[in-house]
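Convention: sequence-line order gives letters A, B, ...; per-chain numbering from 1.
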2 protein chains.
Amino acid sequence: MRENKSERIRIKDIAIKAGVSVGTVDRVIHGRSGVSEASKKKVEEILEQMNYQPNMYASALASNKKYNLTCLLPLHTQEDYWMDIEAGMKHAVSTYKDFNIRLNISYYDQYESGAFAEAGKKMIETMPDGVIMAPSSEEETKSTALQLKEKNIPFIFIDSNIKSLNPLSFYGQNSHSSGYFAARILSLMAEHNEPVVIFRLIYGGKLGSNQQRNREEGFREYIRNNCPGIKLYELNFYVKNPENNEKLMEEFFSAHPEVNCGITFNSKAYIIGEYMQKIKRKGFKMMGYDLLRRNVKCLKAGSIDFIIAQQPTEQGQSSIECLFEHLILKKEVKPYNYMPITLISKENIDFYLDAHVRTNNI
Amino acid sequence: MRENKSERIRIKDIAIKAGVSVGTVDRVIHGRSGVSEASKKKVEEILEQMNYQPNMYASALASNKKYNLTCLLPLHTQEDYWMDIEAGMKHAVSTYKDFNIRLNISYYDQYESGAFAEAGKKMIETMPDGVIMAPSSEEETKSTALQLKEKNIPFIFIDSNIKSLNPLSFYGQNSHSSGYFAARILSLMAEHNEPVVIFRLIYGGKLGSNQQRNREEGFREYIRNNCPGIKLYELNFYVKNPENNEKLMEEFFSAHPEVNCGITFNSKAYIIGEYMQKIKRKGFKMMGYDLLRRNVKCLKAGSIDFIIAQQPTEQGQSSIECLFEHLILKKEVKPYNYMPITLISKENIDFYLDAHVRTNNI
DNA sequence: TGTACCTTTGTGTGCGCACACGGATTGATT
DNA sequence: AATCAATCCGTGTGCGCACACAAAGGTACA
């Protein structure tokens, strides 16, 4: 009998100690049938006692099982944020390539009612082993989530959460806290309690996303609690009529020339930044969200002061890792994973861009 | 012949295509001797052409090689920052447990001349496969680095870098940029260009660490460039005489009652925070570094406004991963890995604490 | 007592790879 | 022609595990 040079406990060690064969131990570990109560109890005892930790690599090698993961995201054409999420997922999948993991990404039109449910149905027909979704509204998402539950397919929400649908896990930012934090920073910029304008993105008469609403709520809560003297204006843009944006801004600023500070809770701060650059207005203090290429450009040009980022790459990567740990390593995973709320300015942005591919020499 | 159901290319596939046996392919891959030029060339061609990617898990399983990694850190008694680094390293090691990686951590007294070199010598005698070090001064560190180079043992610098000693990689923050960024934030807090005091930690007549000096330089550079009107005071604490700290502060603030804003470039901002709480002075605006428990307490109590963190856990984790990729996966690693410069306040700190163990329910 | 059937258990093979061993071929030397 | 060394190459075994298969033991019934 070869002795075990490493300290790691093998199935064989368990088998010897329990006085059975490796086959029996294997059956107990995998909960397969065909084991007497006595043997089962004995083996379970030893497993517990020796704290057996299977070698998942050997396991994956032997089982040769394939895993199909599916991801459902909003349709985006070159929208950096979602592309970063995809990049993070792909990166994680490639590091697990020896575990036979395949990732399939499909899309839904977030502005078309019913699109999510339809895409979800198609997805379920492929019987994936695990799912990652950026949810739509609760009503839209519900049926898909229920079907997944019924088929015992684990699913993760990314970007925004719907707790009532009980996902395996959630990866994203706490929008409310994020708005609250943004307010703290903005209030520093708004000296003498000067007024602030909130730029909003409206679709179909409502705010375009839950995130936007929650962030604004957090923001207003901070202002209410800490600097109620700050007057808040609102300026609404309309997703459907982007060509009107400039006119809206012109109107607003000629009506309120004293406003020198603004924030937006969607990812399109560049609308304002680029406008300020165009009209050559300097010193307007602006905050926004997400490191889209156009936002970064404004940040570096000085037309946006601060951006709050939500680590899309890490979200993507972590969500794949989560499914990996759940499906393959069979570990317990954390139900909530709030990404850090990071403040980015011209001065520290270099350490946030392309952290995964950067090989610079600063 | 069993056919290859997965798309992954195996050694066997290479062997068949090259018209040789797996043994020969194996020899080529590992650069072992005993292969004719003709075979070698042929195999290398096919390897290239089919883009062979070895299954590192199978490889590790078969080779059963053990890796001893060693880490050399400053002596610290419950100093949270270094403990976080250790925790990150241990966490990474545990995820790689099936690769037979062992981590040994040893310490040196950073305030005793010669201690680093001595600890380094002892470490090298154990012939580790890879090393992670928090370097001391360049002179102190040099001999150890040279010996490691000579023995072909890869080493990583963590926390602070000494480029001239040419480590395999570096994980840490860019101190200069970090100070620069801190100045941007502080200048927002210092309305009307009010004066600012820099609290420094002195050891043996000099600043206690490179980091401290570099951060201060970056800070001063920003102030010089952007708000030269801000007057900068200095208040020196002495590592050897902590009992004098309060007295020094009393003296300083009675001489300069108008100073209401301060920053420190070491991790001991809590000295000031706790003092302000003790004398019940509110509203003093304070910035500092690192999420030590005592700093966090002050942050939550409001006696410190902002902390810049440098992700010690991630540093530890990433540095182990780096050695893993270099030694086992034989991948190329990045020579510089600057951690993001993150701004933490009461409002976002919850998303930075214990990110690895948190299972909360915010 | 034999047969059929079920339950319980052990054994063998292969996953992709590393590495030891031994076989084949060649050329040089006696 | 025989011997030997050197070079080159193929095969076999095992890493820890999953899983198929077969063997062993027990029970029921004719």
Side-chain angles (χ1 to χ4, degrees), chain A residues 1-43 47 50 52-67 96-100 327-330, chain B residues 1-43 47 50 52-67 96-100 327-330:
Chain A
M1 161 76 54
R2 154 183 305 271
E3 90 186 78
N4 187 359
K5 279 169 293 178
S6 151
E7 311 81 44
R8 297 224 52 188
I9 311 296
R10 305 160 299 174
I11 285 189
K12 199 180 198 174
D13 301 314
I14 303 291
I16 294 169
K17 197 127 181 195
V20 297
S21 75
V22 291
T24 301
V25 177
D26 177 77
R27 274 176 276 259
V28 173
I29 288 173
H30 292 87
R32 278 192 269 272
S33 61
V35 188
S36 68
E37 267 311 312
S39 301
K40 189 176 172 197
K41 203 173 149 222
K42 180 76 186 162
V43 169
L47 281 171
M50 303 190 71
Y52 172 72
Q53 303 282 99
N55 183 330
M56 296 319 297
Y57 304 115
S59 166
L61 191 61
S63 79
N64 227 346
K65 209 183 290 175
K66 309 238 178 327
Y67 295 90
Y96 294 135
K97 58 179 185 293
D98 290 315
F99 286 92
N100 291 315
L327 290 170
I328 293 155
L329 304 188
K330 282 150 183 50
Chain B
M1 163 76 54
R2 154 185 304 272
E3 91 185 78
N4 187 359
K5 280 168 292 179
S6 150
E7 312 82 42
R8 296 226 50 190
I9 311 295
R10 304 160 301 174
I11 285 188
K12 201 181 199 171
D13 301 314
I14 303 291
I16 294 168
K17 197 127 181 199
V20 296
S21 75
V22 291
T24 301
V25 176
D26 176 76
R27 274 176 277 260
V28 172
I29 288 173
H30 292 87
R32 278 192 269 272
S33 61
V35 188
S36 67
E37 269 308 313
S39 301
K40 189 176 171 196
K41 202 173 151 220
K42 180 76 186 162
V43 169
L47 281 171
M50 303 188 73
Y52 171 71
Q53 303 283 98
N55 183 330
M56 296 318 299
Y57 305 114
S59 166
L61 192 61
S63 78
N64 227 345
K65 209 183 293 176
K66 310 237 178 327
Y67 295 90
Y96 294 136
K97 57 179 186 290
D98 290 316
F99 286 92
N100 291 315
L327 290 169
I328 293 154
L329 303 187
K330 280 147 184 51

Measure [atom1]/[X] against [atom2]/[N] and give the value in whole Å, please.
X: A:H30; N: D:dC17; atom1: NE2; atom2: P; result: 10 Å
X: B:L61; N: C:dC19; atom1: CG; atom2: P; result: 13 Å
X: B:Q53; N: C:dC17; atom1: CD; atom2: P; result: 11 Å
X: B:D26; N: C:dA20; atom1: CG; atom2: P; result: 10 Å
X: B:M56; N: C:dC17; atom1: CE; atom2: P; result: 10 Å
X: B:I11; N: C:dC19; atom1: CD1; atom2: P; result: 11 Å
X: A:Y52; N: D:dA18; atom1: OH; atom2: P; result: 6 Å
X: A:N64; N: C:dT13; atom1: CG; atom2: P; result: 19 Å

Exercise for the section: Could you label the plane-to-plane angle of the A:Y57 and B:Y57 rings as parallel, tilted or perpendicular, counting under 30° as parallel and over 60° as perpendicular? Expected result: parallel
Problem - B:Y52 and its side chain to side chain contact (heavy atoms under 4.5 Å, CB included) partner, picked from B:D13, B:V25, B:I29, B:V43 - result: B:I29
Handout entry: B:K17 atom NZ, over 12 foreign heavy atoms within 6.0 Å
Key = no
Exercise for the section: Evaluate whether atom NZ of A:K97 has more than 12 neighbouring non-hydrogen atoms of other residues, nucleotides or ligands under 6.0 angstrom away. Expected result: yes
Problem - Nearest-nucleotide 5' precedence on DNA chain C, A:E37 against A:A58 - result: A:E37
Would you say [X] places a side-chain N or O within less than 4.0 Å of OP1 or OP2 belonging to [N]?
X: B:S36; N: D:dC9; value: yes
X: B:T24; N: D:dG10; value: yes
X: A:R27; N: C:dT8; value: no
X: B:S39; N: D:dC8; value: no
X: B:S59; N: C:dG16; value: no
X: B:S21; N: D:dG10; value: yes

Completion exercise
Testing C:dA18, D:dG16, C:dG10 for proximity to the side chain of A:V20, the answer is C:dG10
Problem - Among C:dT11, C:dG16, D:dC17, the nucleotide that comes nearest once only the side chain of A:V22 is considered - result: C:dT11
Exercise for the section: With the side chain counted from C-beta on, respond yes when B:D26 and B:R32 share a heavy-atom pair under 4.5 Å apart, and no when they do not. Expected result: yes
